[in-house]
Amino acid sequence: MPTFRAPRGTRDLLPAERSAMLRLEAVAAALASRYGYRPIETPLFEQTAVFERGIGDATDIVEKELFRLAPRTDEGEAWALRPEPTAGIVRAYVQHGMQTLPQPVKLALIGPMFRYDRPQAGRYREFWQFDVEAIGDPGPAVDAEIIELADRFYREVGVADPEVLLNSIGDPVCRPAYVTELAAFYRAHADRLPPLERQRLERNPLRLLDSKEPAMVELNASAPVITEHLCDACAAHFEGLRAHLDALGIRYRLDSRLVRGLDYYIRTAFEVYPRDAAGQQSAIGGGGRYDGLVELLGGRPTPGIGFGLGLDRIVRVLEAQGAPTAPDPAAPVAVVVGADPAATAERLRVATILRGAGLAARSELAPRKLGKQLEAASRDHAHFAVIVGDELGNGQVQLRDLEAGTQKAVALDDLAREVARAHASHHHGTAPSP
RNA sequence: GUGGCCUUAGCUCAAUCGGUAGAGCACUGGAUUGUGGCUCCAGAGGUCACGGGUUCGAACCCCGUAGGCCACCCCA
């Protein structure tokens with residue numbers, strides 16, 4: 001066993017996985033930009049109160065999953081690593097007076113989140129999200145645009161058949177009456193509730209709705225449905241959203257049992273699952289509307305909506321679906337080799353010429369025999385080997401095509417141009433500009 | 001936070017009844033000194049997760065801890 005290992009619930013992103021993540025991040029950044037969402041980053045930690053007040057201190061995320069930092073005696077504040085990005089972004093919106101910008105303010109964040117969970121496959125204490133927020137627009141059209149953006153991201157990245165689950169969970173006008181009715185329903189069937197659910201009934205009856213306990217699934221089939229208890233404003237919003245989604249051709253499935261674990265959600269709530277979702281922690285994205293949050297964090301009453309997509313889980317899904325995740329970024333176009341151990345400086349110089357021309361080139365520096373060097377170059381999937389030897393005195397090197405098995409002498413002055421040309425003709429679209 | 005299963009080389013796994021550890025892959029080198037992915041040979045690589053206990057003797061049996069996986073909780 002190694003002396004040190006990555007902390008529980010974290011992991012090293014080795015080149016293959018890191019490359020896959022970078023590819024997702026690049027798609028995310030490009031997509032956000034195309035939709036008018038501007039990049040933002042906030043601190044990885046905030047005052048604990050930002051999360052307690054924003055997310056809600058009775059939620060699981062704050063109550064048991066918050067990654068609290070040990071306080072220091074010289075500064076009296078309590079800090080915690082961010083468990084989700086929205087609270088921090090809204091804090092920044094308020095702090096920087098973004099209500100004076102044209103509304104809505106559309107922001108995108110890509111980065112790690114932290115939750116002090118018990119780790120499991122697809123669930124980590126450090127995980128990455130692509131997050132998008134539109135702050136300052138109350139209408140259902142933004143909701144539709146956000147969901148369409150999420151849906152497009154999955155498709156561009158190669159997730160087969162993402163399934164969008166959609167619900168409206170009401171607002172402070174209509175939800176309290178519904179919750180009361182729901183609690184009454186469960187109390188009438190208290191004898192059928194598992195002990196754990198009986199406790200949750202007192203704290204947050206809504207949460208019983210998405211329980212996976214078999215007894216609850218059966219009971220929930222006859223529970224009151226929230227979308228039948230919406231006030232006029234919420235019902236109109238929900239109808240508007242669905243009409244927009246239909247117009248955009250976005251497919252979704254209504255799920256009246258979908259509730260979200262954060263207090264600030266209002267009206268629109270959605271989650272995304274891959275086809276053939278197996279485990280319970282298989283959601284690859286989710287979001288919703290949070291019209292009260294800006295005010296909670298000290299701003300003026302301002303509507304908002306956003307989503308967070310789990311990049312690690314999407315990588316997992318792509319691998320499970322057998323989709324290509326990312327090309328090997330380390331494969332060199334050319335490897336400079338040579339048998340003379342004393343000529344490493346010459347080989348370095350040749351590699352530098354190639355790199356200067358925009359080509360991915362590597363130079364063999366270890367003094368090993370030519371056969372081993374070529375073997376390594378082959379197994380690295382290099383396209384060419386540049387053999388530096390005695391001909392260098394005449395300004396020439398041997399250019400060997402490792403894929404074709406052909407070889408010819410090339411003047412050093414023509415090398416970069418020749419390699420770029422030959423590489424481009426064999427690998428369309430991947431050729432660097434000379 | 002609750003419950004269950006698991007942990008032997010970098011990776012995937014063996015090791016009979018308790019008798020102090022092996023293979024494949026990967027890695028490094030060699031096969032008459034400048035030509036590759038195959039093949040052959042060799043080498044290196046282990047506190048059997050960690051700590052304690054039982055025993056003449058523990059990878060193996062018992063207890064604890066850590067870590068991984070699965071389910072619940074909940075979410076990404």
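Just so it is clear: chains get the letters A, B, ... in the order the sequence lines come, proteins before strands, and each one is counted from 1. The figures that follow rest on heavy atoms only: side chains count, while hydrogens, waters and symmetry mates do not.
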* Asked: Mind checking the P distance from G36(B) to G45(B)? Whole angstroms is fine.
  -> 30 Å
* Spacing of the C1' atoms in G22(B) and A15(B) (rounded, Å) -> 7 Å
* To do: Quick one: list whatever passes salt bridge (Lys or Arg N to Asp or Glu O under 4.0 Å) with E126(A), sequence neighbours left out.
  => none
* Structure fact -> The complete set of salt bridge (charged side-chain N to carboxylate O under 4.0 Å, His left out) pairs with one or both residues in residues 108-121 of chain A, sequence neighbours excluded, reads D117(A)-R123(A)
* Kindly assign one of parallel, tilted or perpendicular to the pair F130(A) and F153(A), based on the angle between their ring planes and the thresholds 30° and 60°. => tilted
* On a whole-Å scale, what distance lies between the C1' atoms belonging to C27(B) and G37(B)? -> 16 Å
* Structure fact -> Across every strand shown, the nucleotide meeting Watson-Crick or G-U wobble geometry with G64(B) (both distances under 3.5 Å) is C50(B)
* Do E391(A) side-chain and G34(B) base share a donor-acceptor contact under 3.5 Å? -> yes
* Asked: At under 4.0 Å between heavy atoms, what does G338(A) touch on the DNA or RNA strands: base, sugar-phosphate, or nothing?
  -> nothing
* **Exercise: do Y35(A) and E148(A) side chains pair donor with acceptor under 3.5 Å** => yes
* Asked: Between Q373(A) and G36(B), does any side-chain N or O lie under 4.0 Å from OP1 or OP2?
  -> no
* To do: Determine the contact category for I387(A): base if any of its heavy atoms lies under 4.0 Å from a base atom, sugar-phosphate if only primed atoms, P, OP1 or OP2 are that close, otherwise nothing.
  => base
* Between D291(A) and Y265(A), a side-chain donor and acceptor under 3.5 Å -> no
* To do: Measure from the side-chain heavy atoms of R115(A) and tell me the nearest of G29(B), C69(B), A76(B).
  => A76(B)
* **Given RNA chain B, 5'-ward residue of the pair K372(A) and E126(A), judged by closest heavy atom** => K372(A)
* Asked: Quick one: the side chain of Q398(A) and the base of U35(B), do they pair up donor-acceptor inside 3.5 Å?
  -> no
* Structure fact -> The complete set of ring pair (Phe, Tyr, Trp, His ring centres under 6.0 Å) pairs with one or both residues in residues 51-71 of chain A, sequence neighbours excluded, reads F67(A)-Y116(A)
* Asked: So, D143(A) versus H237(A): side-chain donor-acceptor pair below 3.5 Å or not?
  -> yes
* When you compare C62(B) with G43(B), how far apart are their C1' atoms, in angstrom units rounded to a whole number? -> 40 Å
* Taking only residues two or more places apart in sequence, or in another chain, which ones meet F238(A) in a ring-ring contact (aromatic ring centres under 6.0 Å, His included)? -> none
* Asked: Whole Å only: how far is the OH atom of Y273(A) from the C1' atom of A76(B)?
  -> 10 Å
* To do: Establish whether the base of G29(B) is bridged to the side chain of R368(A) by a donor-acceptor pair shorter than 3.5 Å.
  => no
* To do: Select one nucleotide: of G36(B), A76(B), G34(B), the one nearest the side-chain heavy atoms of F127(A).
  => A76(B)
Under 3.5 Å, N/O pairs linking protein and nucleotides 64-68 of chain B:
residue, atom, partner, partner atom, Å
G67(B), O2', R5(A), NH2, 2.7
G68(B), OP1, G9(A), N, 3.3
G68(B), OP2, R8(A), NE, 2.7

* Distance only, no hydrogens: is a donor on one side chain within 3.5 Å (strictly under) of an acceptor on the other, for Y93(A) and E133(A)? -> no
* Could you work out the separation of G3(B) and U65(B) based on their P atoms and round it to a whole Å? => 11 Å
* For nucleotides 39-44 of chain B, just jot down a letter per nucleotide in 5' to 3' order: B, S or -, based on protein non-hydrogen atoms under 4.0 Å. => ------
* Using a cut-off of 4.0 Å on non-hydrogen atoms, how would the nucleic acid contact of G285(A) be classed: base, sugar-phosphate, or nothing? -> sugar-phosphate
* To do: Tell me what L402(A) touches on the nucleic acid: a base, only sugar-phosphate, or nothing, going by heavy atoms under 4.0 Å.
  => base
